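Read through the structure below, which is laid out as structure tokens, and then see the notes.
If you're wondering where the values come from, they're calculated on a predicted model, not measured in any experiment.
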Amino acid sequence: MVTRHPGALLARGNTSDVYAWGPRSIVKLLRPGIPPQWAEREARTTTLVCDAGLPAPRVEDTVVVDDRPGIVLERIDGISMWDRMRRSPRDVGELSRLIADLQQNINATPAPTGLPTLHDRLRGHISKADRLTRVEAVRSQTLLSDLPTGTSLCHFDMHPDNVLLAKKGPVVIDWFDAAAGIPAADIVRSSVLMRSDAFEAELAGARPEIVKRFHDQYIASIVAMQHHTMQSLLRWEPIVLAARLAELLDVQVLAATERALRRPQNESPLWVALIAAAGVDSAT
């Protein structure tokens with residue numbers, strides 16, 4: 001066990017806290033009650049994607065501090081994309097295109113050997129989501145079985161608070177959920193994470209109109225790339241929402257996710273954004 005004490009608290013997440021660790025490093029320490037093997041898993045995954053040449057922080061060590069497992073990572077000097085957007089809302093268009101480009105580059109990379117498959121990850125989450133009715137759980141598993149697998153690298157937690165705008169260029173953090181799968185699933189997961197009903201509940205000071213504009217322009221950027229059909233994206237939405245109900249989330253986010261799963265498809269922010277990006281009148 002490491003006897004060294006971390007420095008100042010830099011950030012809090014759902015499962016870990018981030019502290020300074022000397023002048024050039026940070027340490028992510030798991031919160032009490034989180035499975036201790038999660039630290040090793042994130043360290044291993046982050047190393048794999050970093051070795052693949054992707055813009056990820058370098059893993060320096062794994063440690064245990066006061067019975068809390070953690071990862072020591074290189075410190076990235078730069079603010080998050082979310083902080084930049086909050087300080088300068090006029091940059092929303094530029095930033096939404098940037099995150100779409102970053103995600104496209106990640107998805108164009110074959111998943112490194114050793115990562116789990118997205119299908120297995122989603123199947124496991126759905127089976128543990130006790131907020132789902134039996135009918136919803138069976139339907140979700142059936143829908144997932146009917147969708148193709150893939151070998152693309154999916155970050156599966158891509159949103160503007162996980163992109164740091166460093167001098168050397170953007171760096172993507174929090175690779176814990178990375179898996180091998182279909183890019184469309186990764187995009188839908190980002191759509192779910194970027195919506196104001198979820199993002200606003202997780203981030204203090206989030207202005208709903210800015211979050212909505214970012215989400216909608218992100219989807220417009222994805223549509224402009226012409227790699228995905230509207231239907232290929234929409235087919236993943238109920239599966240991603242169902243699996244999210246198994247996560248350790250704020251009660252507000254869980255409630256928003258349940259509502260999203262059970263509302264008509266044409267009320268989905270993804271559907272509305274896709275229709276707008278395609279230039280179709282949603283009333284027709």
Side-chain angles (χ1 to χ4, degrees), residues 6-29 31 42 46 49-50 54-58 70-106 155-178 186-187 189-222 247-250 252-253 256 269 273:
L9 177 66
L10 302 175
R12 288 189 180 276
N14 287 330
T15 60
S16 62
D17 300 320
V18 180
Y19 298 87
W21 191 258
R24 296 188 179 91
S25 305
I26 59 98
V27 62
K28 286 184 67 174
L29 297 178
R31 289 186 169 180
E42 183 172 358
T46 305
V49 299
C50 195
L54 292 165
R58 185 180 65 255
I71 318 166
V72 179
L73 299 154
E74 69 169 311
R75 184 164 183 164
I76 307 298
D77 292 323
I79 65 171
S80 73
M81 183 178 283
W82 167 247
D83 284 336
R84 165 87 174 273
M85 183 168 58
R86 184 168 51 186
R87 296 177 190 180
S88 183
R90 67 179 180 275
D91 294 335
V92 162
E94 173 193 347
L95 296 174
S96 62
R97 288 188 294 273
L98 174 59
I99 199 169
D101 287 340
L102 279 170
Q103 192 168 26
Q104 181 185 34
N105 290 337
I106 291 169
H155 182 277
F156 221 60
D157 197 20
M158 193 76 167
H159 59 74
D161 212 35
N162 277 346
V163 179
L164 301 181
L165 302 174
K167 289 183 180 178
K168 64 180 182 180
V171 177
V172 182
I173 62 172
D174 289 357
W175 289 87
F176 177 81
D177 290 310
D186 203 28
I187 291 164
R189 166 77 170 179
S190 291
S191 168
V192 167
L193 295 175
M194 291 178 189
R195 298 171 188 177
S196 60
D197 54 1
F199 211 67
E200 183 184 4
E202 291 189 336
L203 292 176
R207 288 168 53 188
E209 68 275 13
I210 295 176
V211 177
K212 182 181 186 305
R213 184 150 50 97
F214 184 89
H215 171 269
D216 292 354
Q217 293 191 21
Y218 160 77
I219 293 298
S221 296
I222 292 296
E247 296 177 32
L248 300 172
L249 299 173
D250 179 278
Q252 291 176 276
V253 180

Heavy-atom closest contact ([X] atom, [Y] atom, distance):
X	Y	value
A20	R75	CB-NH1, 3.7 Å
V27	P6	CG1-CB, 4.1 Å
G13	R31	O-CZ, 3.1 Å
W175	E42	N-OE2, 4.0 Å
V172	P57	O-CD, 3.3 Å
V253	L249	CG1-CD1, 4.0 Å

Checking [X] side chain against [Y] main chain: does a donor-acceptor pair fall under 3.5 Å?
X	Y	result
D157	A178	no
H155	I173	yes
W21	V18	no

According to side-chain hydrogen bond (donor to acceptor under 3.5 Å, both in side chains), who are the partners of [X], at least two apart in sequence or on a separate chain?
X	answer
R12	D17
T15	none
D101	none
Q103	D186, S190, Y218

Rounded to the nearest 0.5 Å, what separates atom CZ in R195 from atom NE2 in H159?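 Output value for this atom pair is 14.0 Å.
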
Quiz prompt | Between CG on residue N162 and CG on residue D174, distance to nearest 0.5 Å | solution =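 One finds 4.0 Å between CG of N162 and CG of D174.
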
Worksheet entry | From CA spacing to verdict: side chain to side chain contact (heavy atoms under 4.5 Å, CB included), L98, V163 | CA-CA 10 Å; L98 174 59; V163 179; 5.5 Å; no

Applying side-chain contact (heavy atoms from CB on, under 4.5 Å), can you list everything that pairs with [X], at least two apart in sequence or on another chain?
X	value
D216	K212, A273
A220	A277
S80	W82, D83, D161, L164
K168	E74, I76, A166, V171

Side chains of [X] and [Y], heavy atoms from C-beta outward: is any pair under 4.5 Å?
X	Y	value
P160	L95	no
M194	V211	no
V92	I210	yes
I71	T46	no

Please walk me through it: do K28 and L73 pass side chain to side chain contact (heavy atoms under 4.5 Å, CB included)?
CA-CA 8 Å; K28 286 184 67 174; L73 299 154; 3.9 Å; yes

Worksheet item: side chain to side chain contact (heavy atoms under 4.5 Å, CB included) between F214 and M81: does it pass, once the steps are laid out?
Response: CA-CA 11 Å; F214 184 89; M81 183 178 283; 3.9 Å; yes

- request: Could I get the full list of salt bridge (Lys or Arg N to Asp or Glu O under 4.0 Å) partners for R84, not counting sequence neighbours?
  value: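 Per chain and number, R84 pairs via salt bridge (Lys or Arg N to Asp or Glu O under 4.0 Å) with D91, E94.
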
Going by ring-ring contact (aromatic ring centres under 6.0 Å, His included), name the residues that satisfy it together with Y19, two or more places apart in sequence or in a different chain.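 With neighbours one apart ignored, the set is empty.
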
- Task: Using side-chain contact (heavy atoms from CB on, under 4.5 Å) as the criterion, point out the one residue from L102, L193, D177 that pairs with M158.
- Result: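 Running side-chain contact (heavy atoms from CB on, under 4.5 Å) over L102, L193, D177 with M158 returns exactly one hit, L102.
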
